[in-house]
Amino acid sequence: SAVISQKPSRDICQRGTSLTIQCQVDSQVTMMFWYRQQPGQSLTLIATANQGSEATYESGFVIDKFPISRPNLTFSTLTVSNMSPEDSSIYLCSVGPLGTDTDTQYFGPGTRLTVL
Amino acid sequence: AQSVAQPEDQVNVAEGNPLTVKCTYSVSGNPYLFWYVQYPNRGLQFLLKYITGDNLVKGSYGFEAEFNKSQTSFHLKKPSALVSDSALYFCAVRVASGGSYIPTFGRGTSLIVHP
């Protein structure tokens, strides 16, 4: 499996501000995804980060609120814009396929965001 | 469409006893099934998966899961629980072919192992 890192690991932000979360993988991957995990909830897919083109957003998520970049096959960023307390969540980057493992998504350690 | 049900929000077990975390699924076609574990303040770690072949799948940390097609279940098991197994466990499913690579996750089951 690959090493997936996220920065920052946690942050406390004021409402109305924006935070950019980075996801770095130590090998090239075809697909990268961003998930949100609200307190006590399961994972919700925000978008698929596409290399060299605009991200594909799931229903209920829009580019203006969650702009995503993916400049290459090992890196992606998610920005949470104009934050409100409802954005307090864990944000998770995931990747796959990895090498010969074509079936499994692997996750980064997550970014724990608290909005005051 | 695909869905996963984890009927228990919380499972309590004494250390040394066997544990089971339940998962049932619904998918149009053959399923790929996954278990992930989330320790406090951590991301999701992959535990094991069923793709094809033997219905009993063995994974990390002594966990195993049994695929039961007739009952559409994929329960996670361990013969002897450890306090360190206390965590949040997620089951996930996706269709084997012709569908999205993206799985659907259950709502999670909190496993608490008491000393």
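Chain A is the first sequence line, chain B the second, and so forth, proteins listed ahead of strands; every chain is numbered from 1.
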Hydrophobic clustering (ILVMFWY, side-chain heavy atoms < 4.5 Å, transitive) - are A:I63 and A:L45 grouped together?
no

Side chains of B:F90 and A:Q37 in contact at under 4.5 Å (non-hydrogen atoms)
yes

Over all heavy atoms of both residues, which pair between A:D101 and B:K49 is shortest? Give the atoms and the distance, please.
OD1-NZ, 2.9 Å

same_hphob_cluster(B:V21, B:I112) at 4.5 Å side-chain heavy-atom cutoff:
no

Under 3.5 Å donor-acceptor, B:Y101 side chain and A:M31 backbone
no

If Ile, Leu, Val, Met, Phe, Trp and Tyr residues are connected whenever their side-chain heavy atoms lie under 4.5 Å apart, and connections chain through other members, are A:I90 and A:V80 in the same group?
no

Measuring from atom CZ of B:F34 to atom CG of A:D103, what distance do you get when rounded to the nearest 0.5 angstrom?
6.0 Å

If the condition is side-chain hydrogen bond (donor to acceptor under 3.5 Å, both in side chains), which residues does A:Y35 pass it with, not counting sequence neighbours?
A:Q105

Roughly how far apart are B:T104 OG1 and A:L43 CG, rounded to 0.5 Å?
11.0 Å

Separation of A:S94 OG from B:Y36 OH (nearest 0.5 Å)
7.5 Å

Region of A:T48 in contact with chain B, defined by heavy-atom distances below 4.5 Å
side chain

same_hphob_cluster(A:V29, A:L78) at 4.5 Å side-chain heavy-atom cutoff
no

In terms of heavy-atom contacts, does NZ of A:K65 have more than 12 from other residues, nucleotides or ligands at under 6.0 Å?
yes

Nearest 0.5 Å, please: how far is CD in B:Q45 from OH in A:Y106?
12.0 Å

Rounded at 0.5 Å granularity, tell me how far CG in A:L92 sits from CZ in B:R42.
13.0 Å

Relative to chain B, which segment of A:Q6 carries a heavy atom at a distance below 4.5 Å: side chain, backbone, both, or neither?
neither

Taking A:M32 as the starting point, is it possible to reach A:I68 by hopping between hydrophobic residues whose side chains are less than 4.5 Å apart?
no

So, does A:S42 use its side chain to make a donor-acceptor pair with the main chain of B:G106 at under 3.5 Å?
yes

Whatever's closer than 4.5 Å to a heavy atom in chain A on B:I102 counts as both

Contact origin within B:Q38 toward chain A - heavy atom pairs under 4.5 Å:
side chain

Using non-hydrogen atoms and a 4.5 Å limit, figure out which bit of B:L44 sits close to chain A: side chain, backbone, both or neither.
both

